[in-house]
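Comments concern the structure below.
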Amino acid sequence: MTESNALVQKILAGDKSAFRTLISDNQRLVGHVVYRMVKSESDREDLCQEVFIKVYNNLGRFRFESKLSTWIARIAHNSCLNFLEKKKLPLYDDLGDDETQFEPVADTRYQPDIILSKNNLSAILKREIDKLPALYKTIVTLFHLDEMSYAEIGQTMKLPEGTVKSYLFRARKVLKERLQTGYDRGDL
Amino acid sequence: MSDHLTDDQIQQLLDGSLADSNLVASHLDHCPICQNEVANYQALFVGLKEEVDFSLSVNFADTVLDKIPENSALSADPVTSASPVFSTPIIKFSDGLIGFSAIAIMVAVGLYFLDLLAIGTATRLWGLEMLASSAAALNVVKQFLSNYGINPLMVLFIVVTLSAIVVIDQIVVGMKKQRRSVTYSI
């Protein structure tokens, strides 16, 4: 019996402390999904709570067909979609495939190789990631921060593996180009 | 390798998913432009590993546990424990009304293109008074429009086309909503 299987069995048997362990193991992942998809700071924590309550109430339906964390991330993703739909905020599936949907970079005065070694790259990068559509920044975060595979991200977001890979590559290319061309030396 | 590396190749190289990494490595050995691009992507990848500026409250787990009732049902039965799959009825009242109107219009069109009076007489014989009345009423409308020089066929065509558009639109919107309800059910 795997660790997550044992944990699920304990929770199903009514062990609340086991559920506390599940929360602590997965709250970072859930936080990432919610943070990337929902801009309103005041709603984020409530949404994270809602996700774990749904996880608890639906745990009996978990069939171990995916990793427990992937299943939880999927619930988080679906909860965010429901939230955005309820608030009439645009869902990412309203976006097209064209790269022009990204905001254009500021200018191209500087050569690509001058930018990326500067100290405040981190702050600029965070700002640029925030400008990406929710779909792209969620994929980037799940891949780089949560170390999910293309397949796991696909299961979480109900996207084909190839699409996940394509979006990830496109998002990183856009980020790299923005960092190269969008800021002058003075900013950095 | 004569050309420079593509963005995809560099990303695959850094992800460790590049199939022919030897060829790429030998190109990188003597190409400063590509070396620089790889360095740029490496810096980006390092930046992407940085944690997001969001953390949950210290007592987050307690708050969640407090919100779960003591006798909360934790069933392993996928049917009884599942939340409803559809959040809205499959056919809404408004959809039904539109559908009924569309059918009524189609019947009217069918009657119009036939000999209405004859149909009226025939249906009266069958005891279908309502249908007979409808046919007679349509005949009056037809006569009325003709008196004012309006082509009844054109009016019918416009009404039928608009109705069809509304019905198709409602069906498509309804299907989309249902798909979303199913997709985001938990």
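What's counted below: heavy atoms across the whole structure, side chains too, no hydrogens, waters or symmetry copies. Keep in mind that this is a model prediction, so the values were computed, not measured. Just so we're on the same page: letters track the sequence lines, and every chain starts at 1.
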(request) Output, in order, the C-alpha distance, side-chain angles, deciding distance and verdict of side chain to side chain contact (heavy atoms under 4.5 Å, CB included) for Leu48(B) and Arg172(A). (result) CA-CA 9 Å; Leu48(B) 291 174; Arg172(A) 291 193 298 213; 4.1 Å; yes
Treat each ILVMFWY residue as a node, draw an edge where side-chain heavy atoms are under 4.5 Å apart, and state whether [X] and [Y] are in one component.
| X | Y | value |
| --- | --- | --- |
| Phe64(A) | Leu22(A) | yes |
| Val159(B) | Leu145(B) | yes |
| Leu14(B) | Val46(B) | no |

(request) Tell me the residues of residues 160-169 of chain B whose non-hydrogen atoms fall below 4.5 Å from those of chain A, in number order. (result) none
(message) Between Arg44(A), Glu147(A), Arg36(A), Lys126(A), who has the most heavy-atom pairs with chain B when the cutoff is under 4.5 Å?
(response) Lys126(A)
(message) Below 4.5 Å, heavy-atom pairs only: which of Val51(A), Val140(A), Val30(A), Ile53(A) has the largest tally toward chain B?
(response) Ile53(A)
(request) List the steps, then state whether side chain to side chain contact (heavy atoms under 4.5 Å, CB included) holds for Tyr35(A) with Asp53(B). (result) CA-CA 9 Å; Tyr35(A) 177 83; Asp53(B) 297 324; 4.2 Å; yes
Heavy-atom cut-off 4.5 Å, strictly under: side chain, backbone, both or neither for [X] against chain B?
| X | answer |
| --- | --- |
| Phe19(A) | side chain |
| Tyr150(A) | side chain |
| Ile129(A) | side chain |

(request) Report yes if the side chains of Lys16(A) and Ile68(B) come closer than 4.5 Å at any heavy-atom pair, otherwise no. (result) yes
(message) With a 4.5 Å cut-off on side-chain heavy atoms, are Arg20(A) and Asp62(B) touching?
(response) yes
Do you know the tightest heavy-atom contact between [X] and [Y]?
| X | Y | answer |
| --- | --- | --- |
| Leu145(A) | Lys49(B) | CD2-O, 3.1 Å |
| Tyr41(B) | Lys173(A) | OH-CA, 3.4 Å |
| Gln180(A) | Asn40(B) | NE2-ND2, 2.7 Å |

(request) List for me each residue that meets salt bridge (Lys or Arg N to Asp or Glu O under 4.0 Å) alongside Glu152(A), sequence neighbours excluded, and say none if there are none. (result) Lys67(A)
(request) In plain terms, say whether Lys165(A) and Asp15(B) are close enough for a salt bridge, that is, a side-chain N and a carboxylate O under 4.0 Å apart. (result) no
(message) With a 4.0 Å cut-off on N to O distance, would you call Lys67(B) and Glu50(A) a salt bridge?
(response) no
(request) Please state whether the side chain, the backbone, both or neither of Gln42(B) comes within less than 4.5 Å of a heavy atom of chain A. (result) neither
(message) Need one label for Asp7(B): side chain, backbone, both or neither, based on atoms under 4.5 Å from any heavy atom in chain A.
(response) side chain
(message) Measuring from atom CG of Leu56(B) to atom OG of Ser24(A), what distance do you get when rounded to the nearest 0.5 angstrom?
(response) 11.5 Å
(message) Run the ring pair (Phe, Tyr, Trp, His ring centres under 6.0 Å) test against His144(A) and tell me which residues pass, sequence neighbours left out.
(response) Phe45(B)
(request) Give a yes-or-no answer on whether the side chains of Glu45(A) and Ser57(B) include a donor-acceptor pair shorter than 3.5 Å. (result) yes
(message) Would you call the rings of Phe60(B) and Phe52(A) parallel, tilted or perpendicular, taking 30° and 60° as the class edges?
(response) perpendicular
(request) Would you please name every residue forming a side-chain contact (heavy atoms from CB on, under 4.5 Å) with Asp29(B), sequence neighbours left out? (result) none
(message) Go through it in stages, so that I can follow the logic: the residues are Phe54(B) and Glu41(A), the test is side chain to side chain contact (heavy atoms under 4.5 Å, CB included), and I'd like the CA-CA distance, side-chain angles, deciding distance and then a yes or no.
(response) CA-CA 9 Å; Phe54(B) 171 64; Glu41(A) 219 162 295; 5.6 Å; no
